[in-house]
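So the structure is just underneath, and the comments pick up after that.
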Amino acid sequence: MSGRMFVATLALLAALGSSAGAQPGRDAEVLRGLAPVAALSRTPAGRAALGANYAVTGGIQTGDWRQPTLLPFAEQQQLALRDVVSTYGNLAQLADGLGTTLGAAYIARAHYVDRDSFTSVSQAVADVIAYTVTAARANSTAGKYFFANLTVDGSAPVPPAVAAIMDSTGGRPDMFGHAYGFPAGSAGAGRYGDARPFQTQPSVTRISGRDYFGTPADNLVYNRGPMADLTNSPSYPSGHTTYGYAGSILLALMVPERYPEMVTRAAEYGNHRVLVGAHYVMDVLGGRAVALHAMAHLLANDPDYVGQTLKGAPAIADFRAALAKARADVREALSAACGRSVAECAREDIGRLSDPAANSAFYASTQTYGLPVVHQETARMLEDVGKIAPEAGYLLTFAFPSLTLVEANDILTRTQGAGGGFLDDGSEFGVYSRIDLYAASQYAARVVAGK
């Protein structure tokens with residue numbers, strides 16, 4: 001094993017927590033896509049969506065709003081507590097989406113030795129993970145302070161051209177703080193804005209247990225400190241959700257036999273941010289859209305996303321080629337570990353993701369979280385993904401190479417979720433907010449099988 005494959009997790013976490021190295025043009029595009037949330041208070045439909053965001057978030061967290069979860073609620077809470085720690089370096093905690101056999105095979109090669117160091121399947125895999133997670137998280141990090149107080153880090157103002165994005169929507173920063181009575185600097189709110197649910201909700205259910213590393217943990221201690229202390233960390237969008245979706249999609253692209261299960265794991269990981277009281281459902285939906293948008297643009301080898309200098313990650317000029325190499329390494333390692341083909345071992349699963357009906361029901365519950373329609377004009381139509389966001393099809397073609405990009409975009413159009421959500425304003429980014437990768441991957445598998 002090379003020295004680079006045994007690295008310090010803290011260094012990567014520091015890079016992920018900073019927007020340093022992010023590209024202003026790329027971030028501005030994402031900020032424009034996320035910006036409709038800042039103007040919700042201007043219309044009755046928007047105010048209804050903000051009210052539902054608060055109510056649904058609280059209901060999920062306390063268990064009063066029953067979701068079709070993948071485990072009994074008490075067990076799901078414990079898994080949510082384990083998920084407060086993110087294994088950014090090798091995606092180990094997401095690998096259970098590969099199934100009991102392949103998940104164990106992956107962990108045998110890619111695991112955390114302790115909190116500060118980890119192993120990987122290969123250098124190619126480690127590089128692709130680092131580049132992907134850093135690029136996607138840079139987008140979501142830029143959004144946090146922009147929507148909280150129009151800064152890049154809490155204090156330094158964004159450039160005027162970026163600030164104009166907020167003006168163009170007619171919105172204002174700190175939308176959650178104002179909507180829920182906890183504006184920045186007020187009692188119980190953070191310094192910067194967009195106070196989180198554990199600050200604004202009247203009560204938050206306590207979850208005590210063990211974190212991913214087996215250390216005694218508590219969600220209230222995690223949220224308020226000293227474990228993490230999110231009191232001065234703006235809520236929107238969810239960076240953990242961005243990581244969860246980006247990492248899960250990476251594994252799905254490398255093991256497409258488990259594509260639906262991997263995106264179910266992504267949805268579960270994002271939902272866990274609500275269960276622990278750290279995020280609103282709108283944060284999760286925003287983080288998911290950021291991840292899907294970033295992954296598609298990486299796969300399209302968009303110059304704004306590839307060949308960039310990203311702190312804590314190696315340079316990658318051809319993302320599809322790098323991912324192809326990583327996929328070959330992962331599949332070789334998994335096949336060797338399970339003693340049969342990846343396809344055969346992928347069918348061996350006795351875990352919580354082994355029931356397609358349960359997976360489908362849970363994923364569907366997270367597609368919109370039941371939030372009301374804000375944009376009536378998109379609620380009444382299927383949006384043509386090929387015309388509005390043509391690069392989105394790469395989310396399928398890399399996993400199902402016999403599909404053309406046109407076919408893949410047609411599948412994404414046919415399977416897209418309900419329209420008119422708070423981000424679905426007819427823009428490219430809005431389209432990503434309603435893509436349903438669970439339904440799309442199942443449809444794609446049927447199309448490929450019939451070819």
Side-chain angles (χ1 to χ4, degrees), residues 23 25-40 45-46 49 135-136 139-140 142-143 165 168-171 237 242 245-246 249 253 263 266 282 284-306 319-320 366-368 371 373-400 403-444 447:
Q23 298 298 308
R26 184 186 67 215
D27 286 341
E29 181 181 357
V30 172
L31 295 180
R32 279 192 292 272
L34 291 168
V37 72
L40 290 176
N139 284 166
S140 59
I165 294 171
S168 69
T169 68
T242 298
Y245 268 91
I249 292 170
L253 296 175
V263 295
M282 280 186 176
V284 173
L285 296 175
R288 182 185 73 198
V290 170
L292 269 61
H293 178 272
M295 287 301 303
H297 282 267
L298 283 166
L299 289 163
N301 278 330
D302 182 340
D304 281 343
Y305 278 82
V306 299
F319 186 81
R320 286 203 300 273
T366 68
Q367 184 65 27
T368 67
L371 298 184
V373 167
V374 173
H375 300 281
Q376 289 291 343
E377 67 279 9
T378 56
R380 294 188 290 265
M381 67 172 71
L382 282 181
E383 295 173 274
D384 190 330
V385 176
K387 289 183 178 179
I388 303 173
E391 70 287 332
Y394 287 113
L395 293 168
L396 295 179
T397 59
F398 193 88
F400 306 98
L403 291 177
T404 67
L405 190 61
V406 171
E407 290 173 326
N409 280 321
D410 180 65
I411 290 171
L412 291 173
T413 298
R414 291 171 180 268
T415 59
Q416 64 190 253
F422 73 102
L423 292 175
D424 186 27
D425 60 354
S427 66
E428 175 202 334
F429 194 88
V431 166
Y432 282 100
S433 74
R434 65 184 291 192
I435 283 176
D436 183 338
L437 280 184
Y438 187 91
S441 61
Q442 289 195 311
Y443 194 113
V447 171

Verdict with reasoning, V37 to M282, per side-chain contact (heavy atoms from CB on, under 4.5 Å): CA-CA 9 Å; V37 72; M282 280 186 176; 4.1 Å; yes
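A distance of 12.5 Å separates CD1 of I411 from CG of D436, quoted to the nearest 0.5 Å. Note that CG of D384 is 8.5 Å distant from CG of D410, once rounded to the nearest 0.5 Å. Taking CD from Q416 and CG from D424, the interatomic distance works out to 8.0 Å, rounded to the nearest 0.5 Å. Between the CD atom of Q367 and the CG atom of L285 there is a distance of 8.0 Å, given to the nearest 0.5 Å. With rounding to the nearest 0.5 Å, the separation of CG in L382 from CG in L412 is 12.0 Å. Taking CZ from R320 and CZ from F398, the interatomic distance works out to 8.5 Å, rounded to the nearest 0.5 Å.
T242 contributes a side-chain N or O that, together with a main-chain N or O of G287, makes up a donor-acceptor pair within less than 3.5 Å. Judged by distance alone, the side chain of S140 and the main-chain N or O of P237 form no donor-acceptor pair under 3.5 Å.
Relative to the ring axis of Y443, R414 does not place its NZ or CZ within 45° and under 6.0 Å from the centre.
Taking every heavy atom of both residues into account, I249 and L437 meet most closely at CD1-CD1, 3.7 Å. Considering every non-hydrogen atom in both L403 and E407, the closest pair reads CA-OE1, 3.4 Å. Smallest separation of non-hydrogen atoms from N409 and A392: OD1-C, 3.8 Å. A389 approaches E428 most closely through the heavy-atom pair CB-CG, 3.6 Å. Annotation for E383 and I388: closest pair CB-CD1, 3.9 Å, computed over non-hydrogen atoms. Closest approach of L423 and A289 over heavy atoms only: CD1-CB, 4.5 Å.
Side-chain atoms of Y305 and N139 include a donor-acceptor pair closer than 3.5 Å.
In this pair, H297 and Y432 present their aromatic rings tilted. The plane angle is within the 30 to 60° band.
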